[in-house]
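Just so you know, residue 1 is the first one in the sequence shown, and it goes up from there.
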Amino acid sequence: MNTPAVETEDFDTLIVGAGLSGIGSAVHLRQRCPEQSFAILEGRARLGGTWDLFRYPGVRSDSDMHTLGYAFKPWTGAQAIADGPSILQYIQDTATEHGLLPHIRLGHRVTAAAWSGAQARWLLTVERGAGQAPVHMRCRFLLVCSGYYNYAHGYTPDFAGQDRFAGRVVHPQDWPADLDVRNKRVVVIGSGATAMTLVPALARDAAQVTMLQRSPTYVVARPRADALADALRRVLPERMAYALTRWKNVGLGLFFYTLARRRPDLAKARIVEAAAAALPAGFDTQTHFSPRYKPWDQRVCLVPGGDLFAAIRSGKADVVTDTVAAFEPQGIRLASGALLAADVVVTATGLDLLGFGGMALRVDGKPVEIGNTMSYKGMMLAGVPNLAYVVGYTNASWTLKSDLTGAFVCRVLRQMQRSGAAVCMPAMPGADVKPQPWVDFSSGYIQRSLHQFPVQGSSTPWRLNQNYLRDLLDLRFGRLEDGVLQFSGHAR
């Protein structure tokens, strides 16, 4: 028998998710809209999002912390590519410093959100865990900062014969605390950022670590520390040094991304040449580090201090490019016929994506099919009132877009307050705006999940810019009432 939901509080704004973007957005709200009442709803038992969830060895950022950090809070750590615990501490410190802890409701998972036009409110259904009745919460504006990972599980293909394997199989998202790889042969299946983080970390203790990849990825070594940031901190105030370093890294990132897209053959040659120079003499770089696709058709992987290359040079790690035919008791039989012996297999085979935290959306009783909606400026949905969401860049740090989105939502809220409007909603696009995929990455984890996310359009403001400078000018200084974003009704 289902226990009926109990109605509880009303808020001006509810934020879903207490990870990097949820905490950052709450800071923007407190600073720019101090009159707003709000709460942050977090489905897990701890704040931190991704950086609390992932506990696998070596977990770290895949972007520099001067752009992954918040614009309003300088990153002062020595490492520009930081480890997971340090990033988690940074998020926790931000929440504490800005007085957010009393506003965070841990163990509150939003399962549904229903908009009532008559009341100009969202009604959220919130689960609070086993044995507790769900609650309802109302708000005028809903900001979804749940990211796009499925926190319940990662993605693992169905491997033939896996149940016959005599060793242990683990997924990085569910890393067991009791796993000891000392003196063991470890195979890491995958070629993304997680695999490239795990291999050098596991190689410190394991007898041998092999990265088994179906196809290679572009890999770029980057210094662990930022020399300019260190120099600027010695002579300039902390915030000024951080801002200059941030802009330097934004500029370099945009330059190399633009170069790679305009001259992909040149970019590929330079990346592969650099990898070859960092690998042992005679290593087959063309097979193992020269992808078939162009740079940035999938995300380029950063390895701090070239640690992956160093692990390969040491002889403790190697790379095999092949596919899994089947698991056998002693290891993995490859499509080539070779047997890859293993005591532990790590399936770093990707993440399972989950749009909008899996919540069901309804507007005046009608279900919202997310995959059939069009995204306005990469943060709102056509025809869906008083709702915004945060999704970061694919070619740069997540927080660059998160910061812009949080500040833009505050602009919208202030405009609603000034005008007395109850509703803010992007109008439906005309027939001349053609739908296009959410992002144009060819990565499997993206392609498997496109139906869970809104499409983008063929023209502004429906295009999803992968360009921080363009978004900065548009979202910070562009007109709110642009003929698409409409303000209506009277606040009560």
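Atoms CG and OG1, on Leu20 and Thr399 in that order, are 4.0 Å from each other to the nearest 0.5 Å. Between Leu143 atom CG and Leu413 atom CG the span is 8.5 Å, to the nearest 0.5 Å. Note that the OG1 atom of Thr13 and the CG atom of Leu142 stand 9.0 Å from one another [nearest 0.5 Å]. How far CG of Leu244 is from CZ of Arg239: 13.5 Å, rounded to the nearest 0.5 Å. To the nearest 0.5 Å, atoms CG (Leu124) and CG (Leu14) are separated by 6.0 Å. His153 contributes atom NE2, which lies 8.5 Å from atom CD of Gln173 (distance to the nearest 0.5 angstrom).
A donor-acceptor pair under 3.5 Å links the side-chain atoms of Glu42 to the main chain of Arg44, judged by distance alone. No donor-acceptor pair closer than 3.5 Å links the side chain of Ser146 to the backbone N or O of Gly17. Side-chain atoms of Ser191 do not come within 3.5 Å of backbone N or O of Thr217 as any donor-acceptor pair. No donor-acceptor pair under 3.5 Å is formed between the side chain of Arg105 and the backbone N or O of His108. Formation of a donor-acceptor pair under 3.5 Å by the His103 side chain with backbone atoms of Phe38 is found in this model. Distance alone, capped at 3.5 Å, places no donor-acceptor pair between the Tyr149 side chain and the Gly49 backbone. Between the side chain of Arg299 and the backbone N or O of Thr394 there is at least one donor-acceptor pair closer than 3.5 Å.
The heavy-atom pair separating Leu354 from Gln452 by the smallest distance is CA-OE1, 3.2 Å. Contact detail for Ile15 and Ser25: the closest heavy-atom pair is CD1-C, 4.3 Å. Between Gly58 and Thr197, the shortest heavy-atom distance links the atoms O-CG2, 2.9 Å. The minimum heavy-atom distance between Ala71 and Asp403, with the atom names listed, is N-OD2, 2.8 Å. In this structure, Asn386 and Ala422 approach most closely via the heavy-atom pair ND2-O, 3.0 Å. When all heavy atoms of Asp474 and Arg411 are compared, the closest pair comes out as O-NH1, 4.2 Å.
Side chains of Gln417 and Arg414: a donor-acceptor N/O pair is absent below 3.5 angstrom, by distance only. At a cut-off of 3.5 Å, with distance as the only test, a side-chain donor of Gln415 or Glu481 sits close to an acceptor on the other residue. For the residue pair Tyr389 / Ser375, a side-chain donor-acceptor distance below 3.5 Å is found, with atom types taken as modelled. In summary, the side chains of Ser397 and Thr67 do present a donor paired with an acceptor at a separation below 3.5 Å, with no hydrogens or angles considered.
Ring-plane geometry between Trp462 and Tyr376 is classed as perpendicular, the angle between the planes exceeding 60 degrees on a 0 to 90 degree scale with a lower cut at 30. Classification of the Phe54-Tyr56 ring pair by plane angle, with boundaries at 30° and 60°, yields tilted. Classification of the Tyr218-Tyr293 ring pair by plane angle, with boundaries at 30° and 60°, yields perpendicular.
A distance below 6.0 Å separates the ring centres of Tyr257 and Trp296. Aromatic ring centres of Trp398 and Tyr148 lie closer together than 6.0 Å. For Phe11 and Phe141, the distance between ring centers is not under 6.0 angstrom. Aromatic rings from His171 and Tyr155 are positioned such that their centres are separated by 6.0 Å or more. For Phe289 and Phe309, the gap between ring centers is short of 6.0 Å. For an aromatic pair to be called close, the ring centres must be under 6.0 Å apart, and Phe356 with Phe453 fails this.
Inter-residue side-chain proximity for Leu351 and Asn150 is flagged as unmet; no heavy-atom pair is nearer than 4.5 Å. Between Leu480 and Met416 the shortest side-chain heavy-atom distance does not fall below 4.5 Å. Counting heavy atoms from C-beta outward, Asp83 and Val59 have side chains that stay 4.5 Å or more apart. Side-chain contact between Leu47 and Asp52 is absent, with no heavy-atom pair separated by less than 4.5 Å. Using a 4.5 Å cut-off on side-chain heavy atoms (C-beta onward), Met425 and Leu485 make no contact.
Between Asp297 and Arg292 no salt bridge is recorded (no basic side-chain N to carboxylate O distance below 4.0 Å). A salt bridge does not link Asp12 to Arg121: none of the charged side-chain nitrogens sits closer than 4.0 Å to a carboxylate oxygen. Arg140 has no carboxylate O lying under 4.0 Å from a charged side-chain N of Asp10, or vice versa, which leaves the two without a salt bridge. Using a cut-off of 4.0 Å between Lys/Arg side-chain N and Asp/Glu carboxylate O, Glu9 and Arg138 are scored as not salt-bridged. Using a cut-off of 4.0 Å between Lys/Arg side-chain N and Asp/Glu carboxylate O, Lys268 and Asp265 are scored as not salt-bridged.
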Would you sort out whether Leu254 and Asn467 count as a side chain to side chain contact (heavy atoms under 4.5 Å, CB included), showing the intermediate values? CA-CA 7 Å; Leu254 281 173; Asn467 186 305; 4.2 Å; yes
Run the side chain to side chain donor-acceptor pair (under 3.5 Å) test on Asp93 and Thr96 for me, step by step, so that the C-alpha distance in whole Å, both residues' side-chain angles and the decisive distance to 0.1 Å come before the verdict. CA-CA 5 Å; Asp93 289 346; Thr96 301; 5.5 Å; no
Just do the salt bridge (Lys or Arg N to Asp or Glu O under 4.0 Å) check on Asp307 and Arg224 with the steps written out, would you? CA-CA 10 Å; Asp307 58 0; Arg224 292 182 182 275; 3.6 Å; yes
Verify side chain to side chain donor-acceptor pair (under 3.5 Å) between Tyr393 and Asn465, making sure each step is shown before the conclusion. CA-CA 9 Å; Tyr393 295 115; Asn465 294 325; over 6 Å; no
Given the rule in the side chain to side chain donor-acceptor pair (under 3.5 Å) test, do Gln79 and Arg60 qualify, once you have shown the distances and angles that lead to the verdict? CA-CA 10 Å; Gln79 302 298 318; Arg60 55 171 172 77; over 6 Å; no
Evaluate the criterion salt bridge (Lys or Arg N to Asp or Glu O under 4.0 Å) for residue pair Arg479 and Asp482; output intermediate values, then yes/no. CA-CA 6 Å; Arg479 292 177 59 245; Asp482 57 0; over 6 Å; no
Could you please spell out the steps behind the ring-ring contact (aromatic ring centres under 6.0 Å, His included) verdict for Trp75 and Tyr90? CA-CA 8 Å; Trp75 172 258; Tyr90 175 81; 5.4 Å; yes
Quick one, Thr111 with Thr125, criterion side chain to side chain donor-acceptor pair (under 3.5 Å). Give me CA distance, side-chain angles, the key distance, then yes/no. CA-CA 6 Å; Thr111 59; Thr125 302; 5.0 Å; no
Could you give me the CA-CA distance, side-chain angles and deciding distance for Asp226 and Lys248, then say whether salt bridge (Lys or Arg N to Asp or Glu O under 4.0 Å) is met? CA-CA 11 Å; Asp226 190 308; Lys248 181 263 293 184; 2.8 Å; yes
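The salt bridge (charged side-chain N to carboxylate O under 4.0 Å, His left out) test applied to Arg222 returns Asp64, not counting sequence neighbours.
Other residues, nucleotides and ligands place no more than 12 heavy atoms under 6.0 Å from the CZ atom of Arg263. Heavy atoms of other residues, nucleotides or ligands lying less than 6.0 angstrom from NZ of Lys294 number 12 at most.
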